[in-house]
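I have placed the structure first, in the form of structure tokens, so that the comments after it can refer back to it.
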Amino acid sequence: VSQTDSLVLYPQAADCWWKPEVARRFDVVLNNVLRQYNVDRDRIYLTGFSNGGTGALYFATLWPQRFAAIVSMMGAGQCNEQVKAGLSNLGNLPLLFVHGADDPLMAPACSTTTHAALTDLHPPIKPLLKILPNRVHDIALDSDDGLALAFFRDKVRNPFPREVTLSESDALAARGYWIEIVDGRPGKSVVEARVKADNTIEIHSHDIKSLRLYLRPELLPKAGDLRIVWNGKKLFNGPLRDPCALTPAPHRRSETRCRRY
């Protein structure tokens, strides 16, 4: 990584990466880095090997909107229950699975079956899989045949995908891109949303009473009014006002309102 021009964050798990309390610590550290440094938020990449490969996928299921691409090296994939619960959230993320064909510690089937499960979901971005022959549990950034850094090189985050599936596997995973589950039940609540060519936002959900939408003009296919239809019920028809284009009153704080995700 020292040969790249990237800012690099190496947090310490102090435990298994896929535990929610560790994810919360990671969330605090990442937010702190984003506040303090000049980070291009459209080019944040995440990778790890073994425990870290599993954690990279787990964090991606929690916060897919944060990352431009993910590489899991020798990770557990859906062999880990926390990762498996959030697989449907990964459809808009470029994903690469790298595994050694002769790995005795983490079976390569964990990567191959995860890749197959994601492919079966027909995601907008198809995941990639590389099984390295004659390799065991020995793949990291300096020994992955250059796959991870090459994969990241041209990836740029899409903050406004027009099709989003969000399964709330954990309270940390209540938001996916521009849609947020307000009163969901982890493990139960699922929402599918898409923006149609006529500016209709069509939403289908299960076990959810309220949602929050973070809408931007970039999300809409064309200029003009938008419509919101939730589980067949028409909720809104009208123009989208851009809060970031408004001049805030001097006494109001507008940083959060106008933050571009």
Side-chain angles (χ1 to χ4, degrees), residues 27 30 34 39-47 56-72 83 85-97 114-115 117-129 151-170 172-182 184 189-206 208 211-231 235-236 240 242-244 258-261:
D27 180 47
L30 180 58
L34 294 177
V39 178
D40 183 347
R41 297 191 182 212
D42 289 330
R43 295 179 183 270
I44 299 176
Y45 311 106
L46 187 61
T47 187
L57 278 179
Y58 175 51
F59 293 165
T61 67
L62 297 177
W63 306 296
Q65 68 275 2
R66 284 180 157 180
F67 305 111
I70 306 290
V71 175
S72 172
V83 173
L87 277 184
S88 61
N89 297 347
L90 300 177
N92 290 297
L93 261 180
L95 297 167
L96 171 63
F97 298 89
T114 305
H115 174 265
L118 286 169
T119 301
D120 286 345
L121 294 175
H122 304 290
I125 300 178
K126 295 181 179 179
L128 299 179
L129 172 69
F151 182 72
F152 290 149
R153 191 169 295 127
D154 64 344
K155 302 300 186 298
V156 179
R157 180 181 70 129
N158 175 14
F160 300 106
R162 289 177 178 163
E163 292 187 24
V164 174
T165 297
L166 175 60
S167 174
E168 189 178 3
S169 57
D170 184 277
L172 288 167
R175 176 173 173 180
Y177 298 96
W178 45 271
I179 193 163
E180 181 179 6
I181 299 171
V182 175
S189 299
V190 179
V191 59
E192 295 179 344
R194 64 171 180 151
V195 182
K196 302 172 70 174
D198 63 354
N199 281 5
T200 297
I201 299 176
E202 188 176 74
I203 303 170
H204 298 279
S205 68
H206 173 72
I208 298 172
L211 295 167
R212 182 176 293 116
L213 304 184
Y214 298 86
L215 304 181
R216 297 281 304 140
E218 298 93 325
L219 182 65
L220 302 177
K222 62 181 183 179
D225 290 355
L226 66 91
R227 289 157 291 283
I228 300 175
V229 180
W230 184 8
N231 288 339
L235 299 181
F236 178 80
L240 173 64
D242 182 358
C244 294
C258 295
R259 180 177 175 182
R260 296 182 183 272
Y261 292 94

Only one of P124, P123, P159, P64 passes side-chain contact (heavy atoms from CB on, under 4.5 Å) with N92; say which it is. P124
Are W63 and F59 close enough that their ring centres sit under 6.0 Å apart? yes
Would you kindly say whether T165 and N89 are connected by a side-chain donor-acceptor distance under 3.5 Å? no
Passes side chain to side chain contact (heavy atoms under 4.5 Å, CB included), Y45 versus K155? Steps please. CA-CA 9 Å; Y45 311 106; K155 302 300 186 298; 3.8 Å; yes
Is there a donor-acceptor pair closer than 3.5 Å between any side-chain N or O of [X] and the backbone N or O of [Y]?
X	Y	answer
T200	K196	no
N199	L220	no
T47	V71	yes
H206	V191	no

Can you confirm whether [X] sits close enough to [Y] that some side-chain heavy atom of one is under 4.5 Å from a side-chain heavy atom of the other?
X	Y	result
R216	W178	no
H204	N231	yes
L213	F236	no
R66	I44	no
L118	L87	yes
L95	S72	no
P94	I70	no
L34	R41	yes

For side chain to side chain contact (heavy atoms under 4.5 Å, CB included), just list the numbers for I228 and I203, CA-CA rounded to whole Å, side-chain angles, deciding distance to a tenth of an Å, and then say yes or no. CA-CA 8 Å; I228 300 175; I203 303 170; 4.2 Å; yes
Give a yes or no on whether a salt bridge exists between E180 and R212, defined as a side-chain N under 4.0 angstrom from a carboxylate O. yes
Is it true that D40 and R157 make a salt bridge, defined as a side-chain N closer than 4.0 Å to a carboxylate O? no
Between F97 and L57, is a side chain to side chain contact (heavy atoms under 4.5 Å, CB included) present by the stated rule, with each step listed? CA-CA 10 Å; F97 298 89; L57 278 179; 3.4 Å; yes
Please round to the nearest 0.5 Å and tell me the distance separating atom [atom1] of [X] and atom [atom2] of [Y].
X	Y	atom1	atom2	result
D198	D225	CG	CG	11.5 Å
L96	L129	CG	CG	8.0 Å
E168	R175	CD	CZ	14.0 Å

Under the 6.0 Å and 45° cation-pi test, does R162 pair with Y177? no
Shortest non-hydrogen separation from [X] to [Y] and the atoms involved:
X	Y	answer
A60	L93	CB-CD1, 3.8 Å
W230	I208	CZ2-O, 3.9 Å
S189	G184	OG-CA, 3.2 Å

Can you list the steps and then say if L211 with I179 is a side chain to side chain contact (heavy atoms under 4.5 Å, CB included)? CA-CA 7 Å; L211 295 167; I179 193 163; 4.2 Å; yes
